[in-house]
There are 2 protein chains.
Amino acid sequence: MKDVATIAGVSVSTVSRVINNTLPVDARTRELVERAIRKVSYRPNLLASGLRSKSGNLIGLAVPEIAHQSFDNFIKHTEEFARANKYGLILGDIHNDPDGEADFIDQLIRRNVDGIIFIRVSDESRALEMLNRTTIPYVVLDRGVSTATAPTVVMDNYQAGRLAAEHLIALGHRNVACVTGPLNVSLCRDRLDGFTQTLSAAGLRILRSDIHESDFQFDSGVELVPGILERNPSLTAVWAQNDLMAIGIMAGLRDHGLDVPGDVSVLGVDDISACRMLRPQLTTVKQPFREMSRAAVDLLLRESALGERISEKIVIPTELVIRQSTAPPRDLQGACEQGSRFSETRHIVVEHAVERSR
Amino acid sequence: MKDVATIAGVSVSTVSRVINNTLPVDARTRELVERAIRKVSYRPNLLASGLRSKSGNLIGLAVPEIAHQSFDNFIKHTEEFARANKYGLILGDIHNDPDGEADFIDQLIRRNVDGIIFIRVSDESRALEMLNRTTIPYVVLDRGVSTATAPTVVMDNYQAGRLAAEHLIALGHRNVACVTGPLNVSLCRDRLDGFTQTLSAAGLRILRSDIHESDFQFDSGVELVPGILERNPSLTAVWAQNDLMAIGIMAGLRDHGLDVPGDVSVLGVDDISACRMLRPQLTTVKQPFREMSRAAVDLLLRESALGERISEKIVIPTELVIRQSTAPPRDLQGACEQGSRFSETRHIVVEHAVERSR
DNA sequence: CGTTTGTGTGAAATCCTTTTCATAGGCCTA
DNA sequence: TAGGCCTATGAAAAGGATTTCACACAAACG
């Protein structure tokens, strides 16, 4: 930087002002400086600038598990929006380790990050307390906070449950089961409420014994199938609260010799890429990863600019993606092929792959 | 830090030495300093330290596409090993944009990163030239460099082709097709060589027209199926050079009314998590993501410690994971159920899911 | 014409560490 | 006991930017 100043015949202060557009600089001077910058191909050092200005030009992202099919999508889009705003993204995998979490946040603070986005493993995460003792902007993504208010971006989980229920109702299902995530995670309760309340509003009831609490894993979906069928041998549809479990259930049903959607309809939540790869393709409620990531980065930068926490809860609406894993229950299948409900419902479809395959 | 020094009654130099273990410090003094550190819960600022010591405590990772099923695994494990070595991981999605790539690398340089690991989009990536003009350590991961020597970590791609071929040969297939990735990517050529050479060593021939060049995408696998069958209606097995295409092919075959593995066996490369979720589960050649990531981080840190580039090419061996998508061709299926070849081959199996499901 | 006002610029302080250089003792050896 | 060598420590420079403060000069005002 000193070299640039010398070559341009100005002081370093002026060079800094040219680079950051922080104070007006004479057009001729600016030109001289810019030329000098190009000449020595000068790159401002971000550590030095961050040190002085107290901004690391960095956003931290903490996720419970990088290689998890849905967190990927958050990582991808958070990186996208961070970069669009000239921030770097520093990534941390928390697994389920409170110490690891604390270490990571500690590291971020020491790097003068401009903010932290994090997806909590569960509601017990202690990171919030840690962060609330600092002034660092943060946003809680995906898994909201039920106990306190905090800057939050979530999808409309109640709506997700409602859409799933409405779809099954429209297809004519009357005997359905639900597989939830851990019910100490608030979004699971919200999804379940949307589902059950919509069912009862339509005069349908779901028995307590048809609600199975699980852990969002594929294997659990597979393993749950025998139990689900044992409790309710005549059910015609299962809604799982995420795709991984839904896919597990599909696999489990097939292992049991049952056909999806012929014998049982299955749908999930998330719309991970695997949905389209299966046969039948999985009907699901889409998690708006991109919109959520954008909202999270925006909120974070607003906090950062404002200099204080914004305890806002942003709820992003969702939508149903109808594919092949849901159909009317067997006793209605004749009727539906003649049109009526089934084809009406089909019109909600917007998905390319489905369009193309017909 | 000054506060810590004051409280402990020593100079800041001593505090620094205690923290970094850089010079011997009297045990009593150390104790005093540590107590002071805890008292004010002091956290060393990484920007300041990085500025002075020219090490950002940071590793950069550039990938062609974050949400791609196999790059996830590299991200995950690279983060793991970076963190184990007290480095932060800063992530960049390059897509296919040379400018984005240059920007990202520029950013990393400006942050005094200790090294850069990158997975190149294709062999044309210009990042290498850019980096070779600097002294920053780097490692090329997954997609090797054919033109020049550079620090590289790859899987044994020739072996991958060989394992796939051997497996099909052992099952009794004599009429097979292959779907490759872009043949301007060297690993695709290596995989293909391993495959074809092993076939011919066994006295089998694969026709030029049964080798289909594609692009590693799921959709391409689906779309390729009609063409593959048209060229060779009597084939009994297809090897795709990655799982995404293999899964696409499976889906396409099913859309065509064909059974996998009854009519056609399919196998891939990578062992992404989706393999176990499909029915039938996909047989594949495992990409050793974790070992490769570890090797890459290690190599990077060795370069960093040494202060110069290590033009070493590390090749990680691979292995076959047999699941359900491969079986003897139909005309041999009777024989195999009585034991012989098929069950012998099955003994190679090591996969949990498969074990459990029997 | 003297005094505000405003704009562009430079000098120096600052951000927080690490690292070099110098020094003060303590111990060992001749 | 003087000289040499360690070891533990402190003072100060350095790292590369930003930001405050001060100032010079030109235009505008009364």
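Below, chains carry the letters A, B, ... as their sequence lines are ordered, and counting in each starts from 1.
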| request: Classify the nucleic acid contact of B/V10 as base, sugar-phosphate or nothing, counting any heavy atom under 4.0 Å across all strands shown. | output: sugar-phosphate
| message | With side-chain contact (heavy atoms from CB on, under 4.5 Å) as the criterion, how do A/H77 and A/E80 come out once you've worked through the C-alpha distance, each side chain's angles and the decisive distance to 0.1 Å? | response | CA-CA 5 Å; A/H77 291 118; A/E80 174 187 350; 3.1 Å; yes
| Under the side chain to side chain donor-acceptor pair (under 3.5 Å) test, which residues partner A/E34, sequence neighbours left out? | none
| said: Suppose we screen for ring-ring contact (aromatic ring centres under 6.0 Å, His included). Which residues come up paired with A/F71, at least two apart in sequence or across chains? | reply: A/H68
| message | Can you tell me which nucleotide in D/dA8, D/dT18, D/dG10 comes closest to the side chain of B/S11? | response | D/dG10
| remark: Contacts of B/N21 meeting side chain to side chain donor-acceptor pair (under 3.5 Å) (sequence neighbours excluded), chain-then-number -> B/R30
Distance-only criterion, 3.5 Å: show the donor-acceptor pairs between side-chain atoms of residues 54-64 of chain A and protein atoms not counting sequence neighbours.
residue : atom : partner : partner atom : Å
A/S55   : OG   : A/N57   : N            : 3.3
A/S55   : OG   : A/D114  : OD1          : 2.8
A/S55   : OG   : A/D114  : OD2          : 3.3

| message | What's A/S16 touching, base or sugar-phosphate or nothing? Going by heavy atoms closer than 4.0 Å. | response | base
Would you tabulate the nitrogen or oxygen pairs shorter than 3.5 Å linking the protein to nucleotides 20-26 of chain D?
none

Enumerate donor-acceptor pairs with a distance under 3.5 Å from any side-chain N or O in residues 293-302 of chain B to protein atoms, sequence neighbours excluded.
residue : atom : partner : partner atom : Å
B/S293  : OG   : B/F289  : O            : 2.8
B/R302  : NH2  : B/E312  : OE1          : 3.0
B/R302  : NH2  : B/E312  : OE2          : 3.1

| How would you give the extent of chain A contacts on DNA chain C, as first and last nucleotide 5' to 3' within a 4.0 Å heavy-atom cut-off? | C/dG8 to C/dC16
| A/L47 CG to D/dG15 C1', straight-line distance once rounded to whole Å | 10 Å
| said: Is it the case that over 12 heavy atoms from other parts of the model lie below 6.0 angstrom from the CG atom of B/N96? | reply: no
| Inter-axis angle, terminal five-pair segments of the helix from C/dC1-D/dG30 to C/dA30-D/dT1 [nearest 10°] | 50°
| Taking for each residue the nucleotide of DNA chain D with the nearest heavy atom, is it B/P24 or B/S49 whose nucleotide lies nearer the 5' end? | B/P24
| request: Mind checking A/K54 for me? I need base, sugar-phosphate or nothing, with any heavy atom below 4.0 Å counting as a touch. | output: sugar-phosphate
| For DNA chain D, what residues of residues 107-116 of chain B have any heavy atom nearer than 4.0 Å? | none
| request: Sequence neighbours left out, what passes side chain to side chain donor-acceptor pair (under 3.5 Å) with B/D215? Give chain and number order. | output: B/S220
| message | Using modelled atom types and a 3.5 Å cut-off, is there a donor and acceptor pairing between side-chain atoms of B/R83 and backbone atoms of A/D93? | response | yes
| query | When you measure from every atom of DNA chain C, which of residues 29-46 of chain B have a heavy atom less than 4.0 Å away? | reply | B/Y42, B/R43, B/P44, B/N45
Side-chain donor-acceptor distances from residues 41-51 of chain B under 3.5 Å, at least two apart:
residue : atom : partner : partner atom : Å
B/R43   : NH1  : A/D106  : OD1          : 2.4
B/N45   : OD1  : B/L47   : N            : 2.6
B/N45   : OD1  : B/A48   : N            : 3.0
B/N45   : ND2  : A/N112  : OD1          : 3.3

